[in-house]
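Position 1 is the first residue of the sequence, and the numbers go up from there.
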Amino acid sequence: MTVNAGPPRPLRASTARLTATAVALAASGALLVPAASADPATPGGAAAGATWADAAYRGGVDVVEGPDENQEILDGTVFVDKNKDSVQDRNEQGLAGVTVSNGRDVTTTDSHGRYELPAYDNMTVFVTQPRGYQVPVDQDNVAQFFYHHLPEGSPELKYGGIAPTGPLPDEVNFPLAKSALTQSPEQHCVIGADVQTYNEKEVGYARAGAFADLAERDDYAGCGALFIGDVVGDDLSLYPRTRALTGMLNGPARFLPGNHDLDFDAPASEHNFDTFRAKLGPAYYSYDVGKAHVVALNTVEYPTVVPPKKSSYTNGIDAQQMEWLRKDIARVPKNKPIVLAAHMPLLEFYYSDSHRVKQVKEVYEILEGREVVSIGGHTHMSENLRKGDLMAGWKDIVGDEGLPFTHLTVGAVSGQWYAGRVLDAGYPTAIQRDGTPPGVLTLDIKNTKITERYTVRGEAESHQMAVGLNSPRYRAWYAENVGKRRGTAPPLANPLAVSRNDLTGTTWLTANFWMGSTGSTVEVEIDGGEPVEAVRTQQMRGETPLVGAEWSDPVAIQEQFVHGGGLADRSMHLWRLELPTDLAVGEHTAEITATDVHGRAYTETLTFEVTE
């Protein structure tokens, strides 16, 4: 049911108002200082030369104290906050046509910026940020666009949950500031998966790694960064310290929940994410930047067995969220590309016959005929699945036609759960189970075209692959150590040396091209000769995953077996080239050029030796 907004109410200067951010800051003893006024006509709405920290629109949702006379309906205004104090003044107009939702019903504001929505207990009301405007952020750069309504508060939970909100307030008003950054048809959206800090030491690893990298970038101020679940690792008391990392960003931060963000002691599933919601925001929502519409979904259902265990979750979207998704997408113009982000991927290569969202067919139906890029995390690896790709485990969902649009699984900020040896830069190697190092994904959006790029933590953007040798000697070493606890194997001696006897079609030069996909190519020039095209190990034509030593990434495995990390025994982005059988004894050089589906080329050089 959608309720139409009524006539505009007069602004009341005497009405008690307190922004949601002000409440949080007052509780913490911090002082709320409105950001300095910035010229919205300049790029990003910032004064010339101003940094994000100087010019960010800081504030919160304007909650007008009540109670409201009608406890069945929540109403309020979406308005343009000219002076950026989060309160609608007499000269600040409401904004028409903005989408507002209670997590089930969806409406748009009338000509005065007014909205009305049915009220129910334990709802989160949120505004969909429109293009050309920015919602405020708090002192940690976390976007403020929502209000929780839970009159009695959460049941008793270990990590607190949501404090009692009392009766429905008189109004909930959503301030927006004009933004040239979100108006621009060129956007850069950072996607961070699985920060997943289990303790203070790992918070430090995240700070020194991906967050330090993002602090050096200034290209994502409009779209910001979306962290797609497993923000922490079960200990929800780490939310404030992990959340504070987003204070390093040069853009707004938003979050989604993962299976390690649960209140495991919640007596009912409707309270599973109360602490996440209290500390970080809604479990699902949407926002617009440039010409794109971003949908942030919660794809974690818990529990699925009784009595529940921490592992008794599944990949799913509940009925209320599916109702909201249908209504949200129905209001999006057909020519607007959609980024569909969630913790659990809709489906994936690595677990091709499992680990899929139960409602994936229904999601495909809702999005039929639209330009979509689906984003997921959870599995601590990187996958770039293109339209038409097919694995045997998907045929019951997509038939023989393959995927209807691009699906990206994002490499984790934590990598392989912060495992491995700690580098001088202050973070561990943490090579993931497909050989991808930790990092973040960026979606570069220009008009309606979306291009993905992965940035390895602590590395230049040109660093996009690992190259090595898969020889009989390597595979024998693999077989000796694969059953041992990772981090205990002896190093493989001279991994880039191969005997002439092994140049019999059983030694391959390998290239793990982390964002490689169908449509990518890898070419190899040995000793300056003609380029020869390498062969992708997974063709994505309906087969099952190829698993084992000969399909593994030897560079990753040698790090993982010796120092700890994942088990890179399969990959959908590994290429191999048989070494020529007539290579002379001595040193050789291979130049490997990987070209992605968008035509971008990356080159690495490998020096190896042929021995008697």
Give me the atom names and distance for the closest heavy-atom approach of T242 to V203. OG1-CG2, 3.8 Å

Would you say S184's side chain and L181's backbone share a donor-acceptor pair under 3.5 angstrom? no

V98 versus V127: any side-chain heavy-atom pair under 4.5 Å? yes

Side-chain donor-acceptor pair present, N384, E452, cut-off under 3.5 Å: yes

Using salt bridge (Lys or Arg N to Asp or Glu O under 4.0 Å) as the criterion, list what pairs up with D288, not counting sequence neighbours. none

For H260 and D235, does a side-chain donor sit closer than 3.5 Å to a side-chain acceptor? no

Nearest heavy-atom approach of A341 to I228 is CB-CG2, 4.2 Å

Under 3.5 Å side-chain donor-acceptor pair for H343 and N298: no

Could you verify whether a donor N or O on one side chain and an acceptor N or O on the other, from T442 and H188, lie under 3.5 Å apart? no

A side-chain contact here means heavy atoms from C-beta on lying under 4.5 Å apart; do K358 and E301 qualify? yes

Centre-to-centre under 6.0 Å for F145 and Y285, is that the case here? yes

Any side-chain heavy-atom pair of N173 and V78 under 4.5 Å: no

Within the 4.5 Å heavy-atom criterion, are V80 and Q93 side-chain neighbours or not? no

Using the six-membered ring wherever Trp is involved, compare the ring planes of Y115 and F174 and label them parallel, tilted or perpendicular (cut-offs 30° and 60°). tilted

Any side-chain donor-acceptor pair under 3.5 Å between W324 and D105? no

Test: D140 and K279 ion pair at under 4.0 Å: no

Is E270 atom CD crowded by more than 12 heavy atoms from other residues, nucleotides or ligands, each under 6.0 Å away? yes

Salt bridge present between K158 and D265 (N-O < 4.0 angstrom): no

Partner set under salt bridge (Lys or Arg N to Asp or Glu O under 4.0 Å) for K361, not counting sequence neighbours: none

Does either side chain, that of Y57 or that of D81, offer a donor lying less than 3.5 Å from an acceptor on the other one? yes

Check whether any side-chain heavy atom of L443 lies under 4.5 Å from a side-chain heavy atom of L408, and answer yes or no. yes

Shortest non-hydrogen pair, H148 vs T165, comes out as O-CG2, 3.4 Å

Classify the ring geometry between F273 and F276 as parallel (under 30°), tilted (30 to 60°) or perpendicular (over 60°). perpendicular

Would you call R277 and D274 a salt bridge, taking side-chain N to carboxylate O under 4.0 Å as the test? yes

Which atom of L238 lies closest to which atom of T197, heavy atoms considered: CD1-O, 3.4 Å

Listing request: all disulfide (SG to SG under 2.5 Å) pairs with a residue in residues 120-196, at least two apart in sequence or in separate chains. C189-C223

For the residue pair K84 and A177, what are the closest heavy atoms and their distance? CE-CB, 4.0 Å

Charged N to carboxylate O under 4.0 angstrom, E362 versus R326? yes

Side chains of N259 and H378: is there a donor and an acceptor less than 3.5 Å apart? yes

Side chains of D54 and T51, donor plus acceptor under 3.5 Å: yes

Give a yes or no on this: more than 12 heavy atoms of other residues, nucleotides or ligands lie within 6.0 Å of atom CD of Q71. yes

State whether R356 and E348 are salt-bridged, where the test is any N-O pair (Lys NZ or Arg NE/NH1/NH2 against Asp/Glu carboxylate O) under 4.0 Å. no

Donor + acceptor pair across side chains of D328, S286 (<3.5 Å): yes

Do the side chains of K178 and E92 get close enough for a salt bridge, i.e. N-O under 4.0 angstrom? no

Are a donor atom and an acceptor atom from the side chains of R114 and T77 found within less than 3.5 Å of each other? yes

If you round to the nearest 0.5 Å, how far is CD of Q359 from CD1 of I366? 9.5 Å

Check ion pair R457-D213 (N to O, under 4.0 angstrom): no

Should E383 and M515 count as side-chain neighbours, where that means a heavy-atom distance under 4.5 Å? no

Tell me, yes or no, whether the heavy-atom count around N447 atom CG, taken from other residues, nucleotides or ligands under 6.0 Å, exceeds 12. yes

F227 ring centre to R254 NZ or CZ under 6.0 Å, with the angle to the axis within 45°? no

Within the 4.5 Å heavy-atom criterion, are Y239 and D261 side-chain neighbours or not? yes

